[in-house]
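Read the structure below first, then the notes.
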Amino acid sequence: MKLTDFYSEVSRRADTGKTSINAAETRRVLSEAFTLLNSLSAAEASDVVAKGIAQAAKKAAK
C-alpha cells in the first residue's frame with residue numbers, strides 16, 4: 001500500500017454520516033501525526049504505534 005492509498009482509505013473510513021472529512025484534511029492530520037512520531041525516540045514512537053494498533057484490535061473484535 002502506498003502512502004497516498006493509506007491516506008485515501010483512512011479518509012473513506014473516517015467520513016461517516018455524522019463526520020465529514022476529506023482526503024486533504026486526512027493528509028494534513030496524518031502528516032502532523034507522522035511529524036510528531038518523528039520527534040519521538042524510536043522506542044517511544046514504537047510504543048505509541050503499538051498502543052494504537054492494540055486499541056484498533058479491540059475495536060475490530062467487537
Side-chain angles (χ1 to χ4, degrees):
M1 175 180 280
K2 295 179 181 179
L3 187 57
T4 56
D5 297 333
F6 178 75
Y7 290 155
S8 295
E9 183 61 26
V10 170
S11 179
R12 275 192 289 280
R13 291 179 183 214
D15 192 12
T16 65
K18 295 180 181 180
T19 305
S20 178
I21 181 170
N22 63 38
E25 291 168 329
T26 301
R27 284 184 181 104
R28 184 171 42 84
V29 170
L30 288 175
S31 175
E32 288 302 318
F34 288 134
T35 299
L36 177 58
L37 287 170
N38 182 60
S39 72
L40 301 175
S41 70
E44 289 174 312
S46 297
D47 186 52
V48 169
V49 171
K51 287 177 182 175
I53 291 172
Q55 284 183 346
K58 288 178 189 176
K59 183 178 175 183
K62 288 182 181 180

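Partners of Lys58 by salt bridge (Lys or Arg N to Asp or Glu O under 4.0 Å), not counting sequence neighbours: none found. Judged as a side-chain contact (heavy atoms from CB on, under 4.5 Å), and not counting sequence neighbours, Ala33 has no contacts. Checked against side-chain contact (heavy atoms from CB on, under 4.5 Å), Arg28 has the following partners two or more places apart in sequence or in another chain: Glu25. When the side chain to side chain donor-acceptor pair (under 3.5 Å) test is applied to Lys51, the partners found at least two apart in sequence or on another chain are Asp47. Not counting sequence neighbours, the partners of Ser41 by the side chain to side chain donor-acceptor pair (under 3.5 Å) test are Glu44.
Taking OG of Ser31 as the start and CG of Leu36 as the end, the distance is 11.5 Å to the nearest 0.5 Å.
Tracing side-chain contacts under 4.5 Å through hydrophobic residues (I, L, V, M, F, W, Y), one never reaches Val29 starting from Val48; they form parts of separate clusters.
Met1 and Phe6 get closest at one heavy-atom pair: SD-CA, 3.6 Å. For the residue pair Thr26 and Ser11, the shortest heavy atom distance occurs at OG1-CB, 3.3 Å.
Note on residues 3-21: pairs passing salt bridge (Lys or Arg N to Asp or Glu O under 4.0 Å), not counting sequence neighbours, are Glu9-Arg12, Glu9-Arg13.
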Notebook entry, point to check: Given the rule in the side-chain contact (heavy atoms from CB on, under 4.5 Å) test, do Leu37 and Phe34 qualify, once you have shown the distances and angles that lead to the verdict?
Noted result: CA-CA 5 Å; Leu37 287 170; Phe34 288 134; 4.2 Å; yes

